[in-house]
Each structure stands twice: as C-alpha cells, then as structure tokens.
Amino acid sequence: MHVNRRTFLFLGAAFAAGCAAPGGADFSAAGREHVVNAGPAGQYLADGVYARYRDLGFFIVRRGASLFAISSICTHRNCKLNAQKDKTFLCPCHGSTFDADGKLTQGPARRNLPMYAISTDDRGDLLVKVSAT
C-alpha cells in the first residue's frame, strides 16, 4: 500500500487528536492526583533533602522537627529539578532556582514550587499526596 504525503499527514494528525482526546489512552499518573507510599517515616530523621522520589514528582525534606514534601518539577517548563548540597533546587533546563522552602529565587520560572500533603498510615509509612500538575 502506497501512502502519499497528504494522506500520511492526515492520518498522523488524526492519530494525535485521538490520543489527546478525553477518554484516550493514558499510561501515566501525570495529570491526576495520587498517593505515593514513601516507606517508613523513620527513614527521614536526619536533616536533608531526600531525592529518592524525584522521578515521581517530589522531594522529601527534613529540617529540624519539620518534614514536608515539595515538587521536584520546575514551574517554568516542567523539567525535573536537581537538589543542591545547600538544600536549594536548580532547574538544569533554564536555570531557575528555588530556596530550601521552594520559594523562587531566580527565573525564568514565575511561581514557587508546590508543597504536597503528607501523612502517616497505621504502619508508620509516610504517604505523599501528589497533586495534578
């Protein structure tokens, strides 16, 4: 079967539109709220940034008595952030920086990093509620 350029472009556009349509296939958790079990809360006793869940969209941060989860995704163009030794966050794509609390310190991003709700279950595991982005 021979497919000319016009037919190829039409079929490609139709395929793309079908994938983006409501009810289309979605093979990731991106775009919806979900809960991640981050294991025993006792793993996070030392001050620092825990980057184990960076690829799932968040860092766990311990600072004194405070334990919180913060987005690992830059608010500029959705690049994954890198945690720095000084407990700040750097976007490797365009250079945005955020302080240890997720507050924007240098653009091009214009918004602070979102914080995510955390809780513990009856076994003492830390649960992080990752919001839709």
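Hydrophobic clustering, with ILVMFWY side chains joined whenever heavy atoms are under 4.5 angstrom apart, groups Val49 together with Met115. Under the 4.5 Å side-chain heavy-atom criterion for Ile, Leu, Val, Met, Phe, Trp and Tyr, Val35 and Val128 are members of distinct hydrophobic clusters.
Taking all atoms of both residues into account, the shortest heavy-atom contact from Ile118 to Leu67 is CD1-O, 3.1 Å. Shortest non-hydrogen contact noted between Ile70 and Gly102 is CD1-CA, 3.2 Å.
Residues Ile73 and Lys80 are in side-chain contact: their nearest non-hydrogen atoms beyond the backbone lie under 4.5 Å apart.
Using modelled atom types, no side-chain atom of Gln43 and backbone atom of Leu126 make a donor-acceptor pair closer than 3.5 Å. For the pair Ser72 (side chain) and Arg54 (backbone), a donor-acceptor distance under 3.5 Å is present. Listed for the Ser96 side chain is a donor-acceptor partner under 3.5 Å among the backbone atoms of Ala109. In this structure, the side chain of Asp47 engages the main chain of Gly64 through a donor-acceptor pair within 3.5 Å. A distance-only check finds a donor-acceptor pair linking the side chain of Arg62 to the backbone of Tyr44 [under 3.5 Å]. Counting only distance, with no hydrogens or angles, the side chain of Gln106 and the backbone of Leu104 share no donor-acceptor pair below 3.5 Å. Counting only distance, with no hydrogens or angles, the side chain of Thr120 and the backbone of Asp125 share no donor-acceptor pair below 3.5 Å.
Of the inter-residue distances, the one linking Leu81 atom CG with Phe98 atom CZ reads 5.5 Å to the nearest 0.5 angstrom. Atoms CZ and OH, on Phe58 and Tyr116 in that order, are 9.5 Å from each other to the nearest 0.5 Å. Separation of atoms CD1 (Ile60) and CZ (Phe68) is listed at 11.0 Å; rounding is to 0.5 Å. With rounding to the nearest 0.5 angstrom, the CG atom of Leu113 is 6.0 Å from the OG1 atom of Thr75. The distance from atom CG of Asp121 to atom CG of Leu127, rounded to the nearest 0.5 Å, is 5.0 Å. Considering CZ of Arg111 and SG of Cys74, their distance stands at 9.0 Å, rounded to 0.5 Å.
A disulfide is assigned to Cys79 and Cys93, since their SG atoms are nearer than 2.5 Å.
The ring pair (Phe, Tyr, Trp, His ring centres under 6.0 Å) analysis of residues 70-93, with sequence neighbours excluded, yields the pairs Phe59-Phe89, His76-His94.
One finds no salt bridge joining Lys103 and Asp101 here, because no Lys/Arg side-chain nitrogen approaches an Asp/Glu carboxylate oxygen to under 4.0 Å.
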Take Asn37 and Arg123 through the side chain to side chain contact (heavy atoms under 4.5 Å, CB included) test and state the conclusion after the steps. CA-CA 11 Å; Asn37 184 329; Arg123 296 175 307 205; 3.5 Å; yes

